[in-house]
There are 2 protein chains.
Amino acid sequence: MKLRDNHSGDASPTPDDHIHGRGLRMTDQRRAVYDALMGQRDHPTAVEVFMRVKTKMPNISLATVYNCLETLTDCGIIKAVNHDREPSRYCPNLAEHAHLFCQGCGSVMDIPLRSNRRPQDIWDLPEDVSVVQHEVSFRGLCPKCATADAADTPPDTQKAPRTRSK
Amino acid sequence: MKLRDNHSGDASPTPDDHIHGRGLRMTDQRRAVYDALMGQRDHPTAVEVFMRVKTKMPNISLATVYNCLETLTDCGIIKAVNHDREPSRYCPNLAEHAHLFCQGCGSVMDIPLRSNRRPQDIWDLPEDVSVVQHEVSFRGLCPKCATADAADTPPDTQKAPRTRSK
DNA sequence: AGTTTATTTAGAATAATTCTTGATAAGCTT
DNA sequence: AAGCTTATCAAGAATTATTCTAAATAAACT
């Protein structure tokens, strides 16, 4: 199933390379967690990852899933995505992007940065600050829910939101 | 101490107006919490607000501070600011702005939106989404810490960070 | 004055995450 | 391959920010 083995020093670094670069190992558990994120790229929470991995690795513990997610995040292989005080979600998309949290269906979608644009194009950052991280989230309705909403769909025919609406 | 009473229907809506518009009351506790935010606009956490208000209102409870912050937020009088999994911070700046979280000194500073710019200038949002909220945070070093860092200040002469650095 | 409704408070409860500890496994070294 | 070191895993306890519950208080309304 491996497409790139990197036995020789070619191509761009794989997740394994990033892990090994820190003196850590790509264990079965870490790979299973990573594969779960790559297989269904819908920004699952730790518990959702746990449930998915558990089907293939029934003895894995939730603590291990948390550990793996933290390790993968620290190694820069995946990103942790936070919005308000909701549980963290995880995302294997390493390109710079924002997230749209749909309050209709609870989905989270990636919003790419327009080409040749940078955050400082719109934000008046003082010249002498140094930025190491940039997180952007939109809350609203995804295309599907926005369209349904505009069509005046009665609310109770919509899919139940995954997040509580107060 | 009140500068605008709005006894007549003049001028822009005050915090009191917003609260009353919801059938709620501007109580002493809510005003004290709001004043604490306006008096020292450094994005305190709920516990920090609690400590500040407690000096003027010794019997107030932490639960009340949480309640007041939630009410003020719901009424659109203040904004809750979240970054990673850190405790929420609160901000009375209602203009659209981002936040810079300094990992050197733990401070949070407002970053204004450049005039005539909009998030969709840089983010490739699908046309048919509807956005109701937009939160942006930068992590890095504030001007002071970035300058100190560039001058190769030994780390232990710097102010201790307010956030744990792992 | 009496009734309704909002608010406050203290403490219990919740939920996501982290920590602790002992067991297991992998990688080196000889 | 045996022994040593270090990384990893798992189960459950602990932590922490926040929310909930229930009773007391206070304000507004009749």
Side-chain angles (χ1 to χ4, degrees), chain A residues 15-16 18-34 36 43-51 53-54 56-75 77-78 80-90 106 162-166, chain B residues 15-16 18-34 36 43-51 53-54 56-75 77-78 80-90 106 162-166:
Chain A
D16 292 49
H18 281 112
I19 291 233
H20 296 149
R22 299 248 183 158
L24 304 177
R25 305 168 197 152
M26 179 54 92
T27 62
D28 290 349
Q29 286 86 345
R30 285 173 184 161
R31 186 176 303 285
V33 165
Y34 180 67
H43 305 84
T45 63
V47 169
E48 287 165 347
V49 171
F50 173 58
M51 293 188 301
V53 172
K54 215 167 165 42
K56 302 195 171 177
M57 195 180 266
N59 292 321
I60 198 169
S61 71
L62 178 56
T64 296
V65 170
Y66 271 107
N67 287 340
C68 291
L69 289 169
E70 184 182 9
T71 301
L72 294 171
T73 302
D74 289 348
C75 293
I77 297 167
I78 63 172
V81 178
N82 292 292
H83 182 56
D84 293 348
R85 295 240 97 228
E86 292 172 17
S88 295
R89 296 174 175 280
Y90 296 88
R162 211 159 54 162
T163 55
R164 61 173 180 270
S165 51
K166 38 186 162 184
Chain B
D16 292 48
H18 281 112
I19 291 231
H20 296 148
R22 299 248 182 158
L24 304 177
R25 304 165 197 155
M26 180 54 93
T27 62
D28 291 349
Q29 286 85 347
R30 286 174 184 161
R31 187 176 304 285
V33 164
Y34 181 66
H43 306 85
T45 63
V47 169
E48 287 166 347
V49 172
F50 174 58
M51 294 189 300
V53 172
K54 216 166 165 41
K56 303 194 171 179
M57 193 180 267
N59 292 322
I60 198 170
S61 71
L62 179 56
T64 296
V65 170
Y66 272 107
N67 287 340
C68 292
L69 289 169
E70 184 181 9
T71 301
L72 294 171
T73 302
D74 288 348
C75 291
I77 297 167
I78 63 172
V81 178
N82 292 292
H83 181 57
D84 293 347
R85 297 240 96 227
E86 293 172 16
S88 295
R89 296 173 175 280
Y90 297 88
R162 210 160 55 163
T163 55
R164 61 172 180 270
S165 51
K166 40 185 160 181

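These figures come from a predicted structure and were not determined experimentally. In what follows, chains are A, B, ... by sequence order, proteins preceding strands, each numbered from 1.
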*asked:* Counting only side-chain nitrogens and oxygens, does B:R85 get under 4.0 Å of the OP1 or OP2 atom of D:dA17?
replied: no
*For the pair made of CG in A:L69 and P in C:dT18, what is the distance, rounded to whole Å?*
10 Å
Short N/O separations, protein against nucleotides 7-11 of chain C, under 3.5 angstrom:
residue	atom	partner	partner atom	Å
C:dT7	OP1	B:R25	N	2.8
C:dT7	OP1	B:R30	NH1	2.4
C:dT7	OP1	B:R30	NH2	3.4
C:dT7	OP2	B:R30	NH2	3.4
C:dT7	O5'	B:R30	NH2	3.4
C:dT8	OP1	B:T27	OG1	2.5
C:dT8	OP1	B:Q29	OE1	3.1
C:dT8	O3'	B:Q29	NE2	3.4
C:dT9	OP1	B:N59	O	3.3
C:dT9	OP2	B:S61	N	3.4
C:dT9	OP2	B:T64	OG1	2.5

_side chain to side chain donor-acceptor pair (under 3.5 Å) against B:S61, all qualifying residues, sequence neighbours excluded_ = B:T64
*Between C1' of D:dT18 and CG of B:N82, the distance in whole Å*: 12 Å
*Which whole-number value in Å describes the distance from A:D16 CG to C:dA26 P?*
15 Å
*Between atom OG1 of A:T71 and atom CD1 of A:I78, what is the distance when rounded to the nearest 0.5 Å?*
9.0 Å
*Side-chain (A:E70) to main-chain (A:N67) donor-acceptor, under 3.5 angstrom*: no
*Roughly how many Å is it from CZ in A:F50 to P in C:dA16, rounded to a whole number?*
14 Å
*Just jot down the side chain to side chain contact (heavy atoms under 4.5 Å, CB included) partners of B:Y66, sequence neighbours excluded, or say none.*
B:A46, B:L62
*Please state how far atom CG in A:D84 lies from atom C1' in D:dT19, giving the value in whole angstrom units.*
16 Å
*asked:* Does C:dT18 have OP1 or OP2 under 4.0 Å away from a side-chain N or O of A:Y66?
replied: no
*Taking atom P of D:dT18 as reference, at what distance in whole Å does atom CD of B:E48 sit?*
11 Å
*Would you mind reading off the distance between A:H20 atom NE2 and C:dA26 atom C1', rounded to a whole angstrom?*
11 Å
_Under the side chain to side chain donor-acceptor pair (under 3.5 Å) test, residues paired with B:N82 that sit two or more places apart_ = B:S88
*With a 4.0 Å cut-off on heavy atoms, is A:S88 in touch with a base, just the backbone sugar-phosphate, or nothing at all?*
sugar-phosphate
*Only counting residues at least two apart or in another chain, list the ones meeting side chain to side chain donor-acceptor pair (under 3.5 Å) with A:T27.*
none
*CD1 of A:I19 to CZ of A:R31: how many Å apart, nearest 0.5 Å?*
8.5 Å
*asked:* Distance check needed: D:dT18 C1' versus B:E70 CD, whole Å only.
replied: 10 Å
